Amino acid sequence: MISRASTRHGVFVAALLCLVGCGDDAVELDFSQRSTPPPAVSHDDSRLVVGVGAMIGPVETYESHAGLLRYLARAVHRRPQLVQRRTYEEMNRMLISGEVDVAFICTGAYIPIRDRVTLLAVPIFDGEPSYHSILIARDPSLRSLSSLRGHSFAFTDPLSQTGRLYPIYRLRRDLQTMPREFFSRTVYSGAHDESVHLVLDGQVDAAAVDEVVYRHLLGDHPEYAPRLHVLDRSPAFGAPPVVARAGLPDDVVQSLRAALLASSEAPEARRYLQDLGVDGFAETADYAFAIRVARDAQIGSGDAPEGTRAADVRAVP
Amino acid sequence: MRTQTVVEDLWERLTPRFLSRLGLRSRFMVTAAFAIALFGLVNLVVFDAVAAHVVSHEVRDRALTLSRRLAVEAGRLVLLEDRAGLHRLLIETRRTDTLCDYALVISPSGEVFASTFENGVPIGLAEIANTASAGPTTRVVADRSERYLDVAAPILDGELGVLRLGARMDRIRSGAAQVRMVGIIMVAAFLVLGMVGAYLTAHLVAAPVERLAARVREFDPTVGAAEGSSGTDSSSDGGEVGELIQSYEAMAARLRQMHQEEEAFRSRIVRAERLATAGALAAGVAHDVNNPLAGIRNCLRAMERAPEDIEQTQMYTPMMMEATHSIERAVRGLMDFASRSAPMPESVNMARLAERTALLVRHQFRGCRLELELESSELRIETDPALAQQVLVNLLLNACDASPPGGRVTLALKRAELGITLDVIDRGTGIPADLVEHIWEPFVTTKQDRGGTGLGLAMVKSIVADLDGEIWVDTEQGQGTRFRVSLPDRGTSVEDLKSSEPQPIARPEAK
């Protein structure tokens, strides 16, 4: 028989042991026994590999596109696989090599490869399959493109229509100059939202970004609005299209296109369109202006990129 | 009152036996040390448990935070399929963050994207927690003696897989050990400070008590109050101890007063007894005065009858002179005896004193024979002759009283190591056993019918003590009694006397 005193004593000891944190169920393993990792699963026909150009950060991209991807994969009875790369260039290469089946790419990235891929659909923003490039700054004294002379500037990607090609086009056309001569310093941020953050943080004085991304970001972070202002807005470009790689079976292409065009009407897809900030999808858009801008800008810029990567900027305090 | 008794009883039972043998100061210190040590030990145990708990939580929280942050960064790299970047992230984290001992990123299908393990992931490690959950979960992974806190943080709510982080748990233990060491140092510091505090407190409490104890120890009723307080100021002690000291002072004053009264009483008794003895002796002395007086008277009558007889006058004059000297000696002997003052030591030949005393008392020895046994005719010591003689007179008269008619009384003197011893032996009936213990007390007598005052032996003991001597009695019913007095030579130090053990006296031989 256990006396009351010893029971109390036991409770005290148990409480102490709990305090010390004993009593955990340890998983016994032998760290000297190692397993070699299985080889990565190669591409197969059971998946729909969808690439998304790095217009925004990878996590934000994943969150905004995951739903629509699943919707598209279901339409062709495949399992979705999202692929992202840091640059538009890499994504273009994967499209050409056939590593991705479908890709959401920037207009600027689409123009050079438009003959080697199949246009599936074009997103509709505010009722039109088009979008704009805007110049943003924090300093209120910066009121126009010309006022940015001698200031630092952020591009998004070398192939970005709104984030690089359009401002270069404007510099050449209106001011007959080049970024290297006009700006004190330029960087590549890698994504439109990153460019906005660089301006907000004072890392650069101004940036050119996709208006859709900008409005989306301000919708999520209203506190940014008073600290930024738009000093220039481009004419409309054909919106960043959804394209399919060459060689993707016709039925798959048709099914995907049909699914995209019908998405605004499909109840299960409507929520995913909201995630993207898209009203729906159109069959095509007018890319004539975009082609001109891209051509003029590319002629002026040459092969060498003018800027450093944003990551390099951030590493320096 | 009852509660107090119970508490005291409990205290008696709980206090270790040895504690009661220690002094107040030591007792206080031991009790304080024990209390502090016990308190420290309890503190240490609790402190240790709490520290281990806190450290383990801290490590856990840090591991969770780190894993969440890593999961966000890993998410971007997984989405970009940047395995090299992912690997670099994990390796860098392990290199820069001491908390990270291993890390791996596992896809929802269980594929290991990247890990800090160079030659493959330990078998079973990836399978432990690769399923998604709302937030980071922890478990313990044991590899032989090493234990790891394994944190699984879902990447993008688990849709992209899980980031796993392992932190060695001995970090928790070493952290707790550091805290424990601080605890031990603190307890040690408390112990030292506590002991100093206990010492000071013990000093505060014990010092007045010790002062009081010293005062009690040194208390001498013969020394006056101002002298006796030896400069200590009792008013400096307040509270119970002060009260105790005041009570003691009052008691000491009463004791001193009683002692003075007793001293005065004793000296009166001694004087009264001496006068009584002198009275008894006076009768004998009268013989010594009468006989020469009779001789002088006869001489004077003869001279009166023949005043012209020069030859006769010349013959009687020296005889009369001798007779007056005899009278003078007899009277001075009595006067010397009767005059009593404070002890005034001088060099005394005790053999001569014994002879003179024998002469003084011889008339009182009715029917008794006094035998003098002197070891030497020169037994000189430093002592007060009058007091020494009074001791002899009293003991001899007592012996004679106790002796049967015609009995012998022996007065034996011999040199002792530090003075002399004198024995007064009678062959009387002895002192009854029930009376032996009380013979030194005043008013105890067996001679009420013969005019005994009962003060004789009390006075004898008192005088012997005044002379720094000692007295013993040895008696046997029907055989006789021996009183042995040892008188020191006051020229030798008192310390020498104290060290000399009194020898047991031999039983008086019955003759």
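Computed over heavy atoms, backbone and side chain alike; hydrogens, waters and symmetry mates excluded. Keep in mind it's a predicted model, so treat the numbers as computed, not measured.
Side-chain N or O atoms of D193(A) include none that pairs as donor or acceptor with a backbone N or O of I56(A) at under 3.5 Å. In this structure, H65(A) contributes its side chain and T61(A) its backbone to a donor-acceptor pair below 3.5 Å.
Only the side chain of L156(B) comes within less than 4.5 Å of a heavy atom in chain A; its backbone stays farther off. Heavy-atom distances place no part of F113(B) under 4.5 Å from chain A, backbone and side chain included. Looking at D150(B), neither its backbone nor its side chain comes within 4.5 Å of chain A, counting heavy atoms on both sides. Both the backbone and the side chain of V83(A) come within contact range of chain B, each with at least one heavy atom under 4.5 Å from a heavy atom of that chain. Proximity to chain B is limited to the side chain of E60(A), based on heavy atoms less than 4.5 angstrom apart.
Between F190(B) and F39(B), the ring centre distance reaches or exceeds 6.0 Å.
Side-chain atoms of S115(B) and R164(B) form no donor-acceptor pair, as typed in the model, at a separation below 3.5 Å.
Contact count against chain B (heavy-atom pairs under 4.5 Å) is highest for R85(A) among E90(A), E63(A), R85(A). The candidate with the highest count of non-hydrogen atom pairs below 4.5 Å against chain B, out of A66(A), S32(A), P58(A), is P58(A).
For H87(B), there are no ring pair (Phe, Tyr, Trp, His ring centres under 6.0 Å) partners, not counting sequence neighbours.
Under 4.0 Å is where a charged nitrogen must lie from a carboxylate oxygen, and between R83(B) and E111(B) at least one such pair does.
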